[in-house]
Amino acid sequence: MSVETNPQAVRRDKLAALEERGIDPYPARWRVDDHAASLLEAFRDDAEPITARVAGRVVSIRSHGKTAFLHVADATGRIQVYLRRDELGEKTFALLDCLDLGDFVGVAGQLFRTRTGEVTIRATEIVVLAKSLRPLPLGKVVEGEGEARAYHQVADQEFRYRQRYADLAVHSESREVFADRARIVRFLRNFLDQRGFLEVETPVLQPVYGGAAARPFTTHHNALDSTLYLRIADELYLKRCIVGGLERVYEIAKDFRNEGIDRFHNPEFTMLELYQAYADYLDFMELAEEMLVGLVEELHGGTQLTFQGGTVDVSRPWPRLPFLDALADAGVDVSDLSRAALAGEAARLGIDIAPEEGAGRILDGLFSRLVEPGLEGPVFVIDHPAVLSPLAKAHPRDPRLVERFEAYLFGSEWANAFSELNDPREQRKRFEAQVLQAAEGDEEAPNVVDEDFLRALEYGMPPTAGIGIGIDRLTMFLTDQASIRDVILFPTLRPEEGS
RNA sequence: GGGCCCCUAACUCAACGGUAGAGUAUCGGCCUUUUAAGCCGAGAGUUGUGGGUUCGAAUCCCACGGGGCCCA
């Protein structure tokens, strides 16, 4: 017989050997009574017998001839299993010959402490629950005192993103990030539910897209024979809810933007938007502060937050930095906000401007280049120019500005809020200006006026504040992950060749 | 869109113009409390793909593919 070296073929051979012995390598069920973490917790001494019945993946095997030690990993952790031929019988012990790292097994037995002190299951029963035919890049994991040390772990980011199932199976840190993500979303739901907000669901497929400046994904509905867009924001539908008298609403859902991918952007991402009637942007600054402080306390037990080596204190209140003041401090002359004047300033500062960029885009570009990188700590940038904010209410003290804020952390925006524009006449003018921009080549501007939204505003929308929060980016900050791909289970990647 | 870097065994990495190696994993043997178990032995590679330079290329050059980082 030739020596088989292909790991997958070796495993198929072992699977066949199991079946020859009359063992089903994929049995239907195994009752799980215990988990690794709680067993390790429960064990006191050998005098008090504790029976254990667990299931999980085999992550290490140390065979000693007539005995063997395994580690079995379940969702809660790892526990060692001790097998003895004289206790299990020759036939069951021979299962070891067909066992590979990565196989799922069920184990029953009694807890004891080994000579070296590790709490271990002395197996009276072991069964294969699912044979693994493909080797996982397990590396070696050693649970020392407190910290688990890992050796030869997969370092290839692409592998981790493309085969997240294997990444999760192998890296507990990766599983923890997604557990934390769930905690964050749960916290936000509780936070809003306690304040009387109603969770709603609005269309992903929209005949007219709006609520943000972005290029959409376009699709087609066959039966209606009409073009539909995947939403770039929930905003305009949530405001329709406010018109309808749902005074406090929120939605946590995917938005889609047909744009570039980098470590802060994924084409589909999760957004929390919430709207509250009779509130304004000042109220929402307090809400944003409470929300983030609460989250940092929930995850880190204090107000210190560390991200990629930088640490900030998120204690309230946060400074409020007027948008134009920030630009002026950075050396930009903001006395004239006309396109011509701003283009002149950009040229003077050596920043390239494309001919189709309007005054808003130029301001945005100046801000993101000159101001954003310096906004480490929690800070509100407030009172943006109206040209940047087609859905926000004009500032009572300066008609060039709107009542708006963006919350920044670690040089990156994580929340955007304003007192919502509710004058249907003014909203129509701003929509029409956007359509004009689109005609001039701005691909991020909507190309039609959303007449249905205007109809809703004409029925009357009370004064309202709204805020949008990027959940992915927030999760990056709260879990100290460098890339948005580290907090999205299955991030968008170029399709694999041959798939 | 621009720049820089990476791609070698299943995994982590060496070799940096002259016979592709190590540890882990895998396979065989020994081993009844091991834990990066140990000891003995074995197999494992079209060096991302395609071209070029050279007596000779994993190594130098070009293109393409995939990925990462920085900038726009």
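Here is how names work: the chains are called A, B, and so on, in the same order as the sequence lines, proteins then strands, and each is numbered from 1.
Taking atom C1' in both U59(B) and C7(B), the straight-line distance is 14 Å, to the nearest Å. Taking atom C1' on both G66(B) and G29(B), the two are 43 Å apart, rounded to the nearest angstrom. A57(B) and U8(B) are spaced 14 Å apart, taking the C1' atom of each and rounding to whole Å. Between C62(B) and A10(B), the distance separating the two P atoms is 29 Å to the nearest Å. Using C1' as the reference atom, G2(B) and U53(B) are 29 Å apart when rounded to the nearest Å. Rounded to the nearest Å, the gap between the C1' atom of C5(B) and that of A25(B) is 29 Å. C16(B) and G21(B) have their P atoms separated by 13 Å, with the value rounded to a whole Å. Between A36(B) and U24(B), the distance separating the two C1' atoms is 9 Å to the nearest Å.
Where L493(A) and D97(A) meet RNA chain B, the nucleotide closest to each residue was compared, and D97(A) sits on the side nearer the 5' end. In terms of position along RNA chain B, the nucleotide closest to G65(A) lies nearer the 5' end than the nucleotide closest to the other residue of the pair G65(A) and Y161(A).
Comment: R181(A) engages D472(A) in a salt bridge, judged by a side-chain N to carboxylate O separation of less than 4.0 angstrom.
Protein atom CZ of R369(A) is 15 Å distant from nucleotide atom C1' of C70(B), rounded to whole Å. Atom C1' of nucleotide U32(B) and atom CZ of R122(A) are separated by 10 Å, given to the nearest angstrom. Taking atom CD on E158(A) and atom C1' on G65(B), their separation rounds to 10 Å, with Å as the unit. Atom CG in D167(A) sits roughly 14 Å away from atom C1' in C11(B) (whole-Å rounding). In this structure, the CG atom of L101(A) is 11 Å from the C1' atom of U24(B), given to the nearest Å. For the pair L136(A) CG and C11(B) P, the computed distance is 12 Å after rounding to whole Å. Between L138(A) atom CG and U26(B) atom P the separation is 10 Å, expressed in whole Å. What separates CZ of R115(A) from P of U32(B) is a distance of 13 Å, to the nearest Å.
A donor-acceptor contact under 3.5 Å is formed by the side chain of Q80(A) with the base of U34(B). Applying the 3.5 Å distance criterion, the base of U34(B) shares a donor-acceptor pair with the side chain of T114(A).
Checking G18(B) for Watson-Crick or G-U wobble geometry (two distances, each under 3.5 Å) identifies C55(B) as its partner. Pair assignment for G38(B) gives C30(B), based on Watson-Crick or G-U wobble hydrogen-bonding distances that are each under 3.5 Å. Pair assignment for A25(B) gives none, since no Watson-Crick or G-U wobble pairing has each distance under 3.5 Å. Pairing for A44(B) is absent, with no Watson-Crick or G-U wobble pair whose two atom distances lie under 3.5 Å.
Side-chain contact between F323(A) and F367(A) is present, with heavy atoms from C-beta onward closer than 4.5 Å.
Checking U33(B), C27(B), G67(B) against every side-chain atom of Y82(A), the shortest atom distance belongs to U33(B). Distance from the side chain of D262(A) is smallest to A72(B) among G67(B), C69(B), A72(B).
Listed by chain and number, the residues in a ring pair (Phe, Tyr, Trp, His ring centres under 6.0 Å) with Y82(A) are F69(A), F112(A) (sequence neighbours excluded). Applying the side chain to side chain donor-acceptor pair (under 3.5 Å) test to T227(A) and every residue at least two apart in sequence or in another chain returns nothing.
Using a 4.0 Å heavy-atom distance criterion, F112(A) is classed as a base contact. Backbone-only engagement by R263(A) is indicated by non-hydrogen atom pairs under 4.0 Å involving sugar-phosphate atoms exclusively.
RNA chain B lies under 4.0 Å from at least one heavy atom of each of the following residues of residues 52-63 of chain A: R62(A), S63(A).
Neither OP1 nor OP2 of U33(B) sits under 4.0 Å from any side-chain N or O of R84(A). Phosphate proximity of C27(B) to K14(A): present, with a side-chain N or O under 4.0 Å from OP1 or OP2. Contact between the side-chain N/O atoms of R113(A) and the OP1/OP2 oxygens of U33(B) is not found at any separation under 4.0 Å.
Neither side chain, H384(A) nor E403(A), offers a donor N or O lying under 3.5 Å from an acceptor on the other. When only modelled atom types and interatomic distance are considered, S389(A) and R404(A) share a side-chain donor-acceptor pair under 3.5 Å. A donor-acceptor contact closer than 3.5 angstrom is absent between the side chains of T114(A) and R122(A).
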With ring-ring contact (aromatic ring centres under 6.0 Å, His included) as the test, would you mind laying out the steps for F410(A) and F477(A) before giving the verdict?
CA-CA 8 Å; F410(A) 303 112; F477(A) 295 146; 5.4 Å; yes
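Taken to the nearest 0.5 Å, the CD atom of E273(A) stands 6.5 Å off from the CG atom of D255(A).
Aromatic ring orientation, W318(A) versus F380(A): tilted (interplanar angle from 30° to 60°).
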